Amino acid sequence: MAAAFSWIRPEPWGLHVVPADFWIDPARPAPRALVTHGHADHARGGHGLTIATPETLAIMGVRYGVADGAQAAALGERVPLGNGVHATFVSAGHVLGSAQILLEHAGERIVVTGDYKRAPDPTCAPFAVTPCDLFVTEATFGLPVFKHPPIECEIARLLDARRANPDRAILVGAYALGKAQRLIAELRRAGHHEPIYLHGAMERMCRLYEELGVPLGDLQLVAGMPKGALAGQIVVCPPSALNDRWSRRLPEPITAMASGWMQVRQRARQKNVELPLVISDHADWQALTETIAEVNPAETWITHGREEALLRWCQLNQRRARALALVGYEDEDD
């Protein structure tokens, strides 16, 4: 009799679904790939066949030129992979189009989460708890110190800083896929309906979100705007542009950054961030542990991040678990 879960194999470059010869989020080109979402540490071009949600494929088309060999799988659609293996894409709540992948074979159910969060997000479908035998989880913020505040509190801090500094621009560094659009949508939800200004590198993905049905309101490019006209305005840029020469075109900018890592004061200081905003698209420690308890798998695999602490929590709670050593997975917030 085959050992439990022997048909999925952790390799340095990704998880290999052996009977169907598919790879999940492989870090190098593969003949057949299942992709959880569009961030560059999970998605790439060069695969022979790529199966992902329609939104993820659209994002991959813009970012990596993926067009040939793309097969869309809607959330909830059960896709045969061959040799008795089926895959179902289930919402992960990370960014637009992000999905967990439920694999079924030989009477076993395996859920590979990719990246996920449990906090509400107006730009993507919420995380769906999916019972399974083996749960493969990320652990980006897998330390008890990480407790992310409600996003409403961080948005209120941002708007308070704007009101208190009418002669200065508020320059917010946010990752171009997911974080920037969530920040903008939450500002709209908080009642800020004035134009939000964008660094040129942010425009393409924001427009794609709108094409995919996520309204973001009045967005304008910084390019061509008189410096004085940006006083008191919110400007969104890539984190790399926060202290770049580009930022000098803004009137005395207050430098902010939206990231779960802004809870670590040393990181904020290193990046010269005046207004750290703790806004994360990953699960924090409480969400990670509560999700494992909710899913209640027979075994948990921990793929990337702070693996040892979450492994220890599983052991202390009499949950079978192991930490994997996969390469190529980084936190794109950083």
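It should be emphasised that the depicted structure is a prediction, and the values quoted were computed from it without experimental measurement.
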Open item on the list: Can you confirm whether T291 sits close enough to T113 that some side-chain heavy atom of one is under 4.5 Å from a side-chain heavy atom of the other?
Closed with: no
Task: 4.5 Å side-chain heavy-atom contact, V235 and L198 - done: no
TODO: Under the side chain to side chain contact (heavy atoms under 4.5 Å, CB included) rule, what do V214 and L216 come out as? Steps first, then yes or no, please.
DONE: CA-CA 6 Å; V214 180; L216 298 176; 4.1 Å; yes
Task: salt_bridge(D281, K117) N-O dist < 4.0 Å - done: yes
TODO: Answer yes or no: is there a side-chain heavy-atom contact under 4.5 Å between R162 and E194?
DONE: yes
Open item on the list: Do I302 and L134 sit in one hydrophobic cluster, given that two such residues count as connected whenever their side-chain heavy atoms are within less than 4.5 Å of each other, even indirectly?
Closed with: no
Task: Whether H39 side chain and L177 backbone form a donor-acceptor pair below 3.5 Å - done: yes
Open item on the list: Does atom NZ (K227) have a neighbourhood of more than 12 heavy atoms from anything else shown, all under 6.0 Å?
Closed with: yes
TODO: Any chance you could measure I234, atom CD1, to L183, atom CG, to the nearest 0.5 Å?
DONE: 7.5 Å
Open item on the list: Is there a side-chain contact between L288 and R118 in this structure, where contact means two heavy atoms from C-beta onward sitting under 4.5 Å apart?
Closed with: no
TODO: Check whether more than 12 heavy atoms from other residues, nucleotides or ligands sit under 6.0 Å from atom CD of Q286, and answer yes or no.
DONE: no
- [ ] Decide yes or no for P251 and D167: does some side-chain heavy atom of the first lie under 4.5 Å from some side-chain heavy atom of the second?
- [x] no
Open item on the list: Between T255 and L242 (side chain of the first, backbone of the second, donor and acceptor by atom type, cut-off under 3.5 Å), is there such a pair?
Closed with: no
Task: Side chain proximity check, H282 to H94, heavy atoms < 4.5 angstrom - done: yes
Open item on the list: Keeping S6 on the side-chain end and A3 on the backbone end, is there a donor-acceptor pair under 3.5 Å?
Closed with: yes
Which pairs would a plain distance check flag for residues 66-78, meaning a side-chain donor or acceptor within less than 3.5 Å of a matching protein atom at least two apart in sequence or in another chain?
unit_1: E77; atom_1: OE1; unit_2: A74; atom_2: N; d: 3.0
unit_1: R78; atom_1: NE; unit_2: E104; atom_2: OE1; d: 3.0

- [ ] Answer yes or no: does atom CZ of R204 have more than 12 heavy-atom neighbours from other residues, nucleotides or ligands under 6.0 Å?
- [x] no
TODO: Output the distance between atom CD1 (I24) and atom CD1 (I8), rounded to the nearest 0.5 Å.
DONE: 4.5 Å
Open item on the list: Test your reading of the model: is there a side-chain donor-acceptor pair from E108 to the backbone of F5, 3.5 Å cut-off?
Closed with: yes
Task: R319 side chain vs T300 backbone, donor-acceptor pair below 3.5 Å - done: no
- [ ] Find the distance between CG (L159) and CD1 (I170) and round it off to the nearest 0.5 Å.
- [x] 9.5 Å
- [ ] State which residues pass ring-ring contact (aromatic ring centres under 6.0 Å, His included) with H47; sequence neighbours excluded, sorted by chain then number.
- [x] none
Task: Inter-residue atom distance D41.CG - H304.NE2, 0.5 Å rounding - done: 6.5 Å
Open item on the list: Donor-acceptor check, side chain of Q181 to backbone of A176, threshold 3.5 angstrom: yes or no?
Closed with: yes
Open item on the list: Do the side chains of R163 and D160 get close enough for a salt bridge, i.e. N-O under 4.0 angstrom?
Closed with: yes
Open item on the list: Surrounding CD of E252 (heavy atoms of other residues, nucleotides or ligands, distance under 6.0 Å), is the total greater than 12?
Closed with: no
Open item on the list: Just verifying a value: how many Å separate N83 CG and D21 CG, rounded to the nearest 0.5 Å?
Closed with: 9.5 Å
- [ ] Determine, stepwise, if the pair I59 / M205 fulfils side chain to side chain contact (heavy atoms under 4.5 Å, CB included).
- [x] CA-CA 8 Å; I59 288 166; M205 193 56 61; 4.2 Å; yes
TODO: Could you tell me whether a side-chain N or O of Y209 sits under 3.5 Å from a main-chain N or O of R182, the two making a donor and an acceptor?
DONE: no
- [ ] Find the distance between OG1 (T137) and CG (L310) and round it off to the nearest 0.5 Å.
- [x] 6.0 Å
Task: With P215 via side-chain contact (heavy atoms from CB on, under 4.5 Å) - residues at least two apart - done: none
Task: Aromatic plane relationship, H42 with H37 - under 30° parallel, 30 to 60° tilted, over 60° perpendicular - done: tilted
Task: Under 3.5 Å donor-acceptor, R9 side chain and V18 backbone - done: no
TODO: Write out all pairs satisfying ring pair (Phe, Tyr, Trp, His ring centres under 6.0 Å) with one or both partners inside residues 100-122, taking only residues at least two apart or from two chains.
DONE: W7-H105, Y116-F127
TODO: Tell me, please, which residues at least two apart from R189 pass salt bridge (Lys or Arg N to Asp or Glu O under 4.0 Å).
DONE: E152, E186
TODO: Look only at the side chain of N243 and the backbone of K271, and say whether a donor-acceptor pair between them is shorter than 3.5 Å.
DONE: yes
Task: Contact check, side chains of I151 and I279, non-hydrogen atoms, under 4.5 Å - done: yes
TODO: Check the angle between the aromatic planes of F146 and F141 and answer parallel, tilted or perpendicular using the 30° and 60° thresholds.
DONE: perpendicular
TODO: May I ask you to test the E11-W23 pair for a side-chain heavy-atom distance under 4.5 Å?
DONE: yes
Task: Under the salt bridge (Lys or Arg N to Asp or Glu O under 4.0 Å) test, residues paired with R320 that sit two or more places apart - done: E299
